[in-house]
Amino acid sequence: MLDMFPYPSGAGLHVGHPEGYTATDILSRYKVMRGFQVLHPMGWDAFGLPAEQYAITTGVHPEVTTKKAIDNFRRQLQRFGFMYDWSREFATIDPDYYRWTQWIWLLAYGSWFDPAVQAARPIAQLESRLAAEDRIIETAPGVQTRWSACSRRQRQAHLDSFRLAYLGTQTVNWCAKLGTVLANEEVIDGRSERGGHPVVRMPLRQWMFRITAYADRLLADLARVDWPDSTRTMQTEWIGRSEGAEIRFVVDGEREPLTVFTTRPDTIFGATYMVVAPEHPLVQRAIARGASADLSAYVAWARNRSDVERQESKKKSGIATGLCAVNPATGQRIPIWTADYVLMGYGTGAIMAVPGHDERDFEFAQAFTLPIVQVVEIDGVPWTGEAATTGDGTSVNSADRTSGLQLNGMRTAEAKRAVIAWLEARGAGSLRVQYRLRDWLFSRQRYWGEPFPVVFDAEGNHYPIGDGALPVRLPPLADSNPVESDTPQPPLAKAREWVMTTAGEAGVDPSLLPASTPVTRETNTMPGWAGSCWYYLRYCSPKCGSAFVDPEAERYWMGKNGVDLYVGGSEHAVLHLLYARFWHKMLFDLGHVGTVEPMARLFHQGLVTSYAYQRADRSLVPVDEVEERGDGTFTERASGERVVQIVAKMSKSLRNVVNPDDVIAEYGADTFRLYEMYMGPLEASKPWNTRDIAGVFRFLQRVWRLAIDERDGSLLLARTANADVERQLARTIHKVGQDIERLAFNTAIASLIELVNAATRPTEMKDPADGGLTREQMDRFLRVLAPFAPHLAEELWKRLGESGSICVAHWPTVDASLLEDQTVELPVQVQGKVRARITVPAGADAGEVERIALADGKVRALLGGKTPRKVIVVPRRMVNLVLEG
RNA sequence: GCGGGUGUGGCGGAAUUGGCAGACGCGCUGGAUUUAGGUUCCAGUGGGGCAACCCGUACAGGUUCAAGUCCUGUCACCCGCACCA
């Protein structure tokens, strides 16, 4: 039973945190009572940006603030009475934990993805295979060398290009003033969102994960897990698999052909021009050869436009490169343009533009008056030439005698196959699968993260640090502020004695590098995701010193399918859950875990929102500036203006944030737990309404008075069991059990309330022992109440004289005969409207029910002597009499 | 723009499979207890109508003996993605 572990912020627990935690706590307690071994742990995701930002503004070291925040979170969580196994607690910042995060990274570093088996394998296997077969490899662009003839350096470079954790180059938003890389959303008009400092886009060499190698498996295995459809859809779209073709176009004056990716190879006859991304090497070469000043100006302008800006204005911009390619289907020469609507990061960074059947290409062709031709007759969409027509149809104008390609009359799918076969035959292209998913950028220019266990020699070659030297501890740094610089300088670079070391001191295998060799440590750190990628495994054996998880503990707790239930917010639907799946699959391939997927079942709890108020102009008013009037309307206190109540996210500015500590102080933890579970379905987002808490609070008081005489604190128990109460108790036990299993806590609580209302003694009752529950009934009732309100249940349990904790009591069994009624009341409908009610034996069959219904006085009066045309009887549900006409 | 989801009393919500719409809670109304307020207990509470009855699950249609639930279209809100070739 797993909760997404929290990032302990300085602000303390939010009412949203206990939502999911209470749900798993109830289910855990229930499962324990049912005799299961339950592992329900808690820990801390503690590396990351907020603590570092806080350190930059206040000068307090992140370790200090983080530890303080953890202590506060733990204190707060413990007040809720969550049954966590605190002996398994850890934080991602513990060196004993991040030692293994580093170890897993080294595992990826030392592995490659073998396409033949579609799985990760040790890179040593690749190396011995290359040596055994004396394979020919490319040692420089266009230079082929035999493995045996390669230098050690060349071999290493070749192997490096296969590692699952590798050094790659990515374009980042670098802000020199802030000394950091910014996310796309943090860049506005080429300046930083905070401070307005200039931001440049520059390539940066950083550690990457080859997650794209796993794209197909990450996609296919979504079918094996019991996860919300929305999340699986989001991951599917994130991976973004699309099938198409790679086509090579010959370019005038270029040795290399221009390769494009297209999902519509069938429209090749309609390709009237080509477009490459401004960053495309072809453009670089053209500029280097001294192309027009306009071209280099455009490229410079486009390069500094952030992705966000590009999205804002979809107006097409671009410029001709002056180069021409040959359309292999038509033999015609077509111009090559560059435009920023083509992204370097997707496909090959180049497209064949088919303006007749692609909206973007159409827009571009119109803006720059390029030719537009129709090559597909789309089903049901007439060709007007006024707009691109998209979708499947039949190829037209698609034949050329010289090239020998003929598609006319073919359906789209058939035409695609024909073009690919034709391309393959002439060596001009092939079938290709393309993913939207990119490799995972894993370096951050930050202090507060796991250091990479890797060092560099003077020439910049990298060497892994041996397992024995782990953890590579984060050096203490008095000043972890970012460095203002034109080139990225991570804060760790300031720890000079730590950075400058020797291979021996760092722990590099002496067979790789002599111990005395001076080396520098990697100064980037891992991103916040690292620690959360495998924490669930560590809980199985949190103290294990010999492995990241003890294999036996892993087999026992992870079982066949992984974590039985994982509860957390849907904001992690893609990244965290995709990354964790990727690490897990890697660990699986290399034999370190026994399940293909980490989480068998996933559930997203909804957001706890709050009320806010809105003026007529839609501006928001903080909660404490509004008062409610007697007629249920709301006005702004200062102006007297009428405002309307809306539901909004809790925020400091609206002053509608609820602090769990305050609620517990006023009503207690049980009330808090019960209220959050009673608000509505776990998966729904729902507004916190302080006024409603009174309802569940009253319920718990009523439970107390049901068992305890308030005047003297003595037990109040019924002498004899009331048959109706006993029947309802049995049904409640049954329903609560069922509802807990399907995480429907709101309806479980409603049935507990109903039971208590039914058993409550009326005030006028002379002898309290005439009402309420018997000792034995109270005993059973407390057991089903316990998962929801453990404190109250435990106290009453002790007062009943029971020994031991109610936590380990057994879930009560139910006499099945009490769940069924002897007789049932059925509505009788005439023409679909309820007109009468009849009472029939519970086991009555359709014929018997019909007889009783037709014999009923009220029914006969309604029929007025007529015979129904049709009688529909649904046993135990209803009767419907259908008359003529 | 594309994909997914949601729409039920004054409010949060219930209706597990097409079968009595509104369980349960809040709020509100009335009563009992109390010197009083609060608490507690009891009763009522979708709208209309004196009533029999009629209307009612975002809106408009449809399927069915029967629709909150299934189908078609529309609107509103929420979430995700977004020039992905």
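Chain letters run A, B, ... following the sequence lines, proteins first, then strands; residues in each count from 1.
- Relative ring orientation between A/F672 and A/W688 is described as tilted, the plane-to-plane angle lying within the 30° to 60° band.
- Taking OH of A/Y611 as the reference point, atom CG of A/N689 lies at 4.5 Å (rounded to 0.5 Å).
- Distance check: A/R248 CZ to A/S430 OG gives 5.5 Å after rounding to the nearest 0.5 Å.
- A/D358 comes within 4.0 angstrom of nothing in the nucleic acid, heavy atoms only.
- In this structure, the nucleotide among B/rC20, B/rC42, B/rC81 sitting nearest to the side chain of A/Q829 is B/rC20.
- B/rU74 and B/rC65: their P atoms are spaced 28 Å apart (whole Å).
- B/rG44 is paired with B/rC28 under the criterion used here, namely a Watson-Crick or G-U wobble arrangement in which both key atom distances are under 3.5 Å.
- Across all strands shown, A/Q738 has heavy atoms under 4.0 Å from base atoms, whether or not it also approaches the sugar-phosphate.
- At the phosphate of B/rA85, OP1 or OP2 sits under 4.0 Å from a side-chain N or O atom of A/Y346.
- The side chain of A/R837 lies closest to B/rC20, out of B/rC20, B/rA85, B/rG25.
- When both pairing distances are held under 3.5 Å, B/rA76 makes a Watson-Crick or G-U pair with B/rU6.
- The side chain of A/V834 sits closest to B/rC20 out of B/rC20, B/rC41, B/rU40.
- Of the candidates B/rG80, B/rC41, B/rC24, B/rC24 carries the atom nearest the A/A750 side chain, counting heavy atoms from C-beta on.
- Comparing B/rG49 with B/rU63, their P atoms sit 34 Å apart, to the nearest whole Å.
- Ranked by how close their nearest RNA chain B nucleotide is to the 5' end, A/K870 and A/Y435 are led by A/K870.
- A/N757 comes within 4.0 angstrom of the backbone, heavy atoms only, and of no base.
- Residues A/T389 and A/H357 have side chains that bring a donor and an acceptor to within less than 3.5 angstrom of each other.
- Among the heavy atoms of the strands lying under 4.0 Å from A/N746 are primed sugar atoms or P, OP1, OP2 only; no base atom is included.
- At whole-Å resolution of the value, CG in A/L743 and P in B/rA14 are 14 Å apart.
- A donor N or O paired with an acceptor N or O is not found under 3.5 Å between the base of B/rC65 and the side-chain atoms of A/R869.
- Regarding A/I646, its CD1 atom lies at a distance of 17 Å from the C1' atom of B/rG12, rounded to whole Å.
- Syn is the conformation of B/rG9, whose glycosidic angle sits no further than 90° from 0.
- When rounded to the nearest whole Å, the span between CE of A/M679 and C1' of B/rA14 equals 16 Å.
- Nucleotides B/rU40 and B/rG46, compared at atom P, are 23 Å apart to the nearest Å.
- In this structure, of B/rC11, B/rA85, B/rC65, it is B/rC65 that holds the atom nearest to the side chain of A/V882.
- Across B/rG37 and B/rA43, the matching P atoms stand 22 Å from one another, rounded to whole Å.
- Taking atom CE of residue A/M878 and atom C1' of nucleotide B/rA21, one finds them 14 Å apart after rounding to whole Å.
- Checking B/rG12, B/rA85, B/rA66 against every side-chain atom of A/T262, the shortest atom distance belongs to B/rA85.
- Within 4.0 Å (heavy atoms only), A/S242 reaches sugar-phosphate atoms of the nucleic acid but no base atom.
- Here the separation of B/rU69 from B/rA21, taken at their C1' atoms, is 11 Å to the nearest Å.
- Proximity note for A/R702 (side chain, C-beta onward) versus B/rC41, B/rG12, B/rC65: the nearest is B/rC41.
- In this structure, A/R835 and A/R742 both approach RNA chain B, and ranking their closest nucleotides by distance from the 5' end singles out A/R742.
- Backbone-only contact: A/R705 has heavy atoms under 4.0 Å from sugar-phosphate atoms and none from a base.
- The distance from atom NZ of A/K735 to atom OG1 of A/T747, rounded to the nearest 0.5 Å, is 4.5 Å.
- Protein atom CG of A/D340 is 11 Å distant from nucleotide atom P of B/rC83, rounded to whole Å.
- In this structure, A/I753 places its CD1 atom 11 Å from C1' of B/rC26, rounding to the nearest Å.
- Using C1' as the reference atom, B/rA76 and B/rC59 are 10 Å apart when rounded to the nearest Å.
- Base contact: A/R436 has a heavy atom under 4.0 Å from a base atom.
- Taking the side chain of A/Y611 as heavy atoms from C-beta on, and the options B/rC20, B/rG4, B/rG12, the nearest nucleotide is B/rG12.
- Across all strands, A/F697 comes closer than 4.0 Å to no nucleic acid atom at all (heavy-atom distances).
- Base pairing annotation: B/rG68 forms no Watson-Crick or G-U wobble pair, as no partner gives both donor-acceptor distances under 3.5 Å.
- One can place CG of A/L706 at 11 Å from P of B/rC41, the figure rounded to the nearest angstrom.
- In this structure, A/K833 reaches the sugar-phosphate backbone alone: every heavy-atom distance under 4.0 Å involves primed, P, OP1 or OP2 atoms, never a base.
- A perpendicular orientation is assigned to the rings of A/F261 and A/Y346, their planes being inclined by more than 60° (bins at 30° and 60°).
- Using Watson-Crick or G-U wobble geometry with both donor-acceptor distances under 3.5 Å, B/rG1 finds its partner in B/rC81.
- For the P atoms, the distance from B/rU57 to B/rC70 is 15 Å, rounded to whole Å.
- Stacking of A/R436 on the aromatic ring of A/W238 is recorded, both the 6.0 Å distance cut-off and the 45° axial limit being met.
- If you measure from atom CD of A/E754 to atom P of B/rG22, you get 13 Å, rounded to the nearest angstrom.
- With C1' as the reference atom, B/rG13 and B/rA60 are 27 Å apart, rounded to whole Å.
- Nearest to the side chain of A/K316, among B/rC83, B/rC42, B/rA14, sits B/rC83.
- Rounded to the nearest 0.5 angstrom, A/Q366 CD and A/D361 CG are separated by 12.0 Å.
- Between the base of B/rC26 and the side chain of A/D692 there is no donor-acceptor pair shorter than 3.5 Å.
- Proximity of A/R698 to the phosphate of B/rC26: a side-chain N or O atom is located under 4.0 Å from OP1 or OP2.
- Between the side chains of A/H604 and A/T231, at least one donor-acceptor pair of N or O atoms lies under 3.5 Å.
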